[in-house]
Amino acid sequence: MKKLISTIKNIFAIEDLRVRILNTLGFIAIFRLGSYVVLPGIDPNQLKGSAQGILGLLDAFLGGAFGNASIFALGIMPYISASIVLQLLTIAVPYFQKLQKEGESGRKKINQYTRVLTIVITLAQSVGFLATINADAIDPAVAGPLFTISSMIILTAGTMFCMWLGEKITDKGIGNGISMLIMIGIVSRLPGALVGEALALGLGRALIFIIELIVLFFVVMGVVMLTQAIRRIPVQYAKQVGGSASLQAGQRQFIPLKVNAAGVMPIIFAQSLMFLPGMIASFWRNESDLANEIGNVFSDYTSWQYNLSFAVLIIVFTFFYTAISVNPNQISDDLKRSGGFVPGVKPGLATSEYIDEVLTRITLPGAIFLAIIAILPSIAMLFGITREFAAFFGGTSLIILVGVVLDTLNQIESYLLMRHYDGMMKSGKLRGRSKNIAVAS
């Protein structure tokens, strides 16, 4: 406890870090306040239970802003969608590949395209969002084209403001701003989920609640291990001739390949596709027994058919997203230009094939573990855990939570170490304490 108190004192003793933490808390407060400001002309009491399926997933990311029909109802999700589209374009379209290689100027242009695409996506999604609102929730006095247009403008402005908040957190606060806003939306539902689970069990089953918390702790530790796990490929740099014609010993560093290089994206992609069979089957639900069966299977999140299909999709998307986000050829070329080589492997094509082989081997167990984490909430519900609390036993929410917390801790750790304070974890292995890491871009 003394160590914790001392660390907190050290954190607030650094003026820059203290200001950044206070700025972050202020921006987060504004974001949470905006999630309760309802769109003009809408009665939020008529919206309870309207966010189901993929809409429920979106509502979980936004901390209830979607279900409340607030001005931040779409949050920063359109910006994330636009970023994913631009990321894919930088792989498939030569023009965007060229921009990516132009350095800072190219990144600025890509950011401009991302912002414009965010506005387009937000306008399109706002129409879909307004279509999901119950007619009873809209005041008849304002219903009509003018209400739709004004709401689209407000929702778009809300998304752009959330994007601005995220950028401000990154620049003036601590951690990645966009990820921080998503994490806050998820965390805001945790107290209610804990209380709901405790009330559902009652005082007579307090021991079961404690066991659930212990299991949740070990699940979180497993996600931390998956997030932090890397395979280090040794890299040797050739001896160089110094200014006085003396030989300098070559350096030995490492290329860190993450076991889960795809992050949470495979779960998001797979979850989006899992809603399609049920939605398509609904068109023939009254005409075909097969359509009814498909609709029932893919609407039951606890069925083995649903979870097996979900797990297979996650594994497939993990390999796909890792393949487009990690380029062994580029890593090999960068090593060759900088005079580095993997011991025992020839530079060039052989190095690229070696990195690709290692990446494939570590991605398989990472993909399987990611699939298991994704279906844990369904398994938790089979054991009688409430749906709200079961969501924190795995899936997208838990992985985002762990990733953002670790990234924020790394930044705080860096500030402490720069000012010659002890780190937050004296014996930990945060990225801030890692040494001899060669960053492969």
Q: State whether the number of non-hydrogen atoms from other residues, nucleotides or ligands found under 6.0 Å of M221 atom CE is greater than 12.
A: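 Yes.
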Q: How long is the straight-line distance from CD1 of I372 back to CG of N307, given to the nearest 0.5 Å?
A: 12.0 Å
Q: Within the structure provided, determine whether I315 and I368 are in side-chain contact (heavy-atom separation under 4.5 Å).
A: yes
Q: Sorted by first residue and then second, give each salt bridge (Lys or Arg N to Asp or Glu O under 4.0 Å) pair with at least one member in residues 74-86; sequence neighbours left out.
A: none
Q: So how far is it from R107 CZ to Q112 CD, rounded to the nearest 0.5 Å?
A: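 Those atoms lie 13.5 Å apart.
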Q: Do R115 and N111 come close enough that some side-chain heavy atom pair is under 4.5 Å?
A: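 Side chain of R115 against side chain of N111, heavy atoms only: contact under 4.5 Å found.
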Q: So does L123 get a backbone contact from the side chain of S126, meaning a donor-acceptor N/O pair under 3.5 Å?
A: yes
Q: Is it the case that over 12 heavy atoms from other parts of the model lie below 6.0 angstrom from the CZ atom of R361?
A: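 No.
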Q: Once you round to the nearest 0.5 Å, how far does NZ of K109 lie from NZ of K98?
A: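 Rounded to the nearest 0.5 Å, the NZ-NZ separation comes out at 8.5 Å.
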Q: Are the side chains of L155 and L39 in touch, meaning some heavy atoms are under 4.5 Å apart?
A: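 The answer is yes, as the side chains (C-beta and beyond) meet within the 4.5 Å cut-off.
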Q: Out of curiosity, F161 CZ to I71 CD1, how far, rounded to the nearest 0.5 Å?
A: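 CD1 of I71 is found 8.0 Å from CZ of F161.
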Q: Indicate yes or no for a side-chain donor-acceptor contact from D356 to the backbone of S352 under 3.5 Å, with no hydrogens or angles considered.
A: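 No; zero donor-acceptor contacts below 3.5 Å.
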Q: May I ask you to decide whether D171 forms a salt bridge with K168, counting only side-chain N to carboxylate O separations under 4.0 Å?
A: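 Judged by the 4.0 Å cut-off on N to carboxylate O distance, D171 and K168 do not form a salt bridge.
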Q: Is the side chain of S309 donor-acceptor paired with the backbone N or O of Q305 at a distance under 3.5 Å, no angle test?
A: yes
Q: Among L398, V187, L401, I385, find the one that has a side-chain contact (heavy atoms from CB on, under 4.5 Å) with F392.
A: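 Only match with F392 under side-chain contact (heavy atoms from CB on, under 4.5 Å): L401.
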Q: If we count only N and O atoms by modelled type, under 3.5 Å, do the side chains of T386 and E197 hold a donor and an acceptor together?
A: yes
Q: Can V326 and L359 be said to form a side chain to side chain contact (heavy atoms under 4.5 Å, CB included), step by step?
A: CA-CA 9 Å; V326 181; L359 191 63; 3.8 Å; yes
Q: Indicate yes or no for a side-chain donor-acceptor contact from N260 to the backbone of L226 under 3.5 Å, with no hydrogens or angles considered.
A: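 Answer holds: no.
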Q: Check whether any side-chain heavy atom of P40 sits under 4.5 Å from a side-chain heavy atom of I154, and report yes or no.
A: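 When only atoms from C-beta onward are counted, I154 and P40 do touch, with a gap below 4.5 Å.
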Q: With a 3.5 Å distance limit and no angle check, can you tell me whether S151 reaches the backbone of T148 through a side-chain donor-acceptor pair?
A: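 Answer holds: no.
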Q: Indicate yes or no for a side-chain donor-acceptor contact from T322 to the backbone of F319 under 3.5 Å, with no hydrogens or angles considered.
A: no
Q: Look at the side chain of T24 and the backbone N and O of I174, then say whether any donor-acceptor pair between them is shorter than 3.5 Å.
A: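 Checked: pair present.
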Q: Do Y79 and S83 come within less than 4.5 Å of each other through their side chains, counting heavy atoms only?
A: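 The answer is yes, as the side chains (C-beta and beyond) meet within the 4.5 Å cut-off.
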Q: May I have the step-by-step check of side chain to side chain contact (heavy atoms under 4.5 Å, CB included) for I267 and F310, ending in yes or no?
A: CA-CA 8 Å; I267 299 181; F310 190 29; 4.1 Å; yes
Q: Under 3.5 Å, is there a donor-acceptor pair between the side chain of S179 and the main chain of N176?
A: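 Between the backbone of N176 and the side chain of S179 there is no qualifying donor-acceptor contact (under 3.5 Å).
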Q: For residues I119 and T156, determine if any side-chain heavy atom of one lies less than 4.5 Å from a side-chain heavy atom of the other.
A: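 The answer is yes; the side chains approach within 4.5 Å.
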Q: Can E212 and F389 be said to form a side chain to side chain contact (heavy atoms under 4.5 Å, CB included), step by step?
A: CA-CA 10 Å; E212 290 176 358; F389 188 48; 3.8 Å; yes
Q: With heavy-atom distances below 4.5 Å as the criterion, would you say the side chains of I76 and C162 are in contact?
A: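 The answer is yes, as the side chains (C-beta and beyond) meet within the 4.5 Å cut-off.
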Q: From I210 CD1 over to L201 CG, what is the distance, rounded to the nearest 0.5 angstrom?
A: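 It is 11.0 Å, given to the nearest 0.5 Å.
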Q: Does any non-hydrogen side-chain atom of V404 lie less than 4.5 Å from one of I182?
A: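 Side chain of I182 against side chain of V404, heavy atoms only: no contact under 4.5 Å found.
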Q: Quick check against the 3.5 Å criterion: does T159 have a side-chain atom that pairs as donor or acceptor with the backbone of T122?
A: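 Not a single qualifying donor-acceptor pair exists.
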Q: Go through the side-chain N and O atoms of Y415 and R20 and say whether any donor and acceptor fall under 3.5 Å apart.
A: yes
Q: Begin with the C-alpha distance, continue with both residues' side-chain angles, and end with the deciding distance and a verdict on side chain to side chain contact (heavy atoms under 4.5 Å, CB included) for Y113 and L99.
A: CA-CA 11 Å; Y113 285 126; L99 285 180; 3.9 Å; yes
